[in-house]
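Below: one structure, written as structure tokens.
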Amino acid sequence: MFGLRAWPTPIVKPLWPFMIGSALTFAGVWKLQNVALQSEEARNDPKNPFAKTAKSGGH
Amino acid sequence: MINNNFFINSPLEQFEVTPFIKFNAPILGDFNLSLTNLGLYALITVFLVLGLHIVANNSHSLIPSKWSIALESAYASIHAMVRDQIGPNNEIYTPFIYSLFFFVVIANLNGNIPYGFTVTTSIMVAIGLSVMIFLGVTVLGLSIHGVHFFAYFIPSGTPLGLVPLLVLIELISYLARAVSLGVRLFANMVAGHTLLKILSTFLAQLFTASILVAVVTLIPFAVFVALIGLEIAVSLIQAYVFCVLTCSYIKDAIELH
């Protein structure tokens, strides 16, 4: 009815270069994000989940 | 007075990525998992694409539904594009281009709904897609041609003296593809959405000023409606252009000019 058995389309054969490409892009974005989170500009930003600012006490 | 309650936000505020659910854990370094508006709308896009294909499933009907005919016609167009651009021997790339087209076009069209978020106005999504395609195409070219892939940077018939200069120019133009493909999509979507936001804020103020002004404002409002139509056209055109260029990059990698 549907699926790979009905239409055996190749998936890995045309897509493997793009899989490598996406893995490299993901790794690059991951590194860039970690560097950017620790940058001087973002370190104390309240939107930064790892901001080193002191939490306001009491509430 | 309604006028006094107006709160004008920056027209760029709609592009901000804000988390809905946050999960922080001190594992794997500083691990942070958030569902942002970008993530939610990316998921919505994927479900819309899947839903469209389930709705348009022919289900062995002798007479296909209108959805089915529309989808088959879209498939025929994309198939023809791949055949024309990459060549009839490389139809193997049709599923890739097809899924790319449907992701981008549904993300763009879904973004035209007011108060929503457009996935492709995120520079990380647009540049991420284009860098992924650029790296994939480069790996593809290197795997097919090996070292001869670098002949791509020297146009045929170049005098020897000009080779260093031309290689530099060709290299820069090749590397620029990684950014230009994404920026083209991102910039078009951001520009259109910003324009609509600015004009709609202005029109809302005019409509609530007085009855006479509101009646006169119907004329610029007609132009605004036309601009919405233009924005929908841009959504479709940019998805098409993105796929055509991806096809031409794949063709360059396979055939080297």
Side-chain angles (χ1 to χ4, degrees), chain A, chain B residues 16-19 21-26 28-34 36 53-54 56-60 75 82 86 90-100 122-144 149 178 182 246 249-250 253-254:
Chain A
M1 189 166 29
F2 59 90
L4 268 181
R5 222 164 21 161
W7 287 291
T9 180
I11 292 176
V12 177
K13 201 183 162 199
L15 285 185
W16 71 265
F18 300 98
M19 287 171 183
I20 295 176
S22 36
L24 288 173
T25 312
F26 184 81
V29 170
W30 182 275
K31 283 207 170 140
L32 186 72
Q33 176 183 308
N34 283 337
V35 170
L37 278 174
Q38 286 158 8
S39 70
E40 204 58 52
E41 195 182 343
R43 196 177 290 162
N44 296 319
D45 196 301
K47 280 196 286 185
N48 186 345
F50 311 114
K52 299 286 185 275
T53 47
K55 296 270 187 320
S56 56
H59 53 87
Chain B
E16 266 182 32
V17 177
T18 45
I21 306 167
K22 269 201 227 176
F23 174 70
N24 278 344
L28 296 170
D30 280 331
F31 184 73
N32 171 37
L33 193 69
S34 317
T36 56
H53 284 78
I54 290 167
N57 192 5
N58 215 1
S59 305
H60 300 290
Y75 171 78
V82 171
I86 317 183
N90 298 306
E91 288 177 357
I92 194 172
Y93 294 102
T94 309
F96 174 55
I97 302 295
Y98 184 86
S99 19
L100 199 63
S122 162
I123 197 147
M124 289 314 285
V125 172
I127 299 275
L129 268 179
S130 74
V131 168
M132 183 269 281
I133 289 164
F134 168 78
L135 290 174
V137 159
T138 310
V139 170
L140 179 68
L142 281 170
S143 78
I144 294 175
F149 174 71
T246 306
Y249 295 166
I250 293 174
I254 293 172

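Labels below follow one simple rule: chain letters A, B, ... track the order of the sequence lines, proteins then strands, and each chain is numbered from 1.
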Task: Rounded distance (nearest 0.5 Å) linking atom CG of A:L24 with atom CZ of B:F134 - done: 11.5 Å
- [ ] Find the distance between CD1 (A:I20) and OG (B:S143) and round it off to the nearest 0.5 Å.
- [x] 8.5 Å
Open item on the list: Which one wins on heavy-atom pair count under 4.5 Å against chain A: B:T138, B:V139, B:V137?
Closed with: B:V139
TODO: Tell me, with the steps shown, if B:I250 and A:F18 meet side chain to side chain contact (heavy atoms under 4.5 Å, CB included).
DONE: CA-CA 11 Å; B:I250 293 174; A:F18 300 98; 3.9 Å; yes
Task: Interface residue of largest heavy-atom contact number with chain A, from B:N90, B:L135, B:I92, under 4.5 Å - done: B:I92
TODO: Supply the atom-to-atom distance B:L129 CG to A:T25 OG1, rounded to the nearest 0.5 angstrom.
DONE: 9.0 Å
TODO: Output all residues satisfying side-chain contact (heavy atoms from CB on, under 4.5 Å) with A:S22, sequence neighbours left out; order by chain, then residue number.
DONE: B:M132
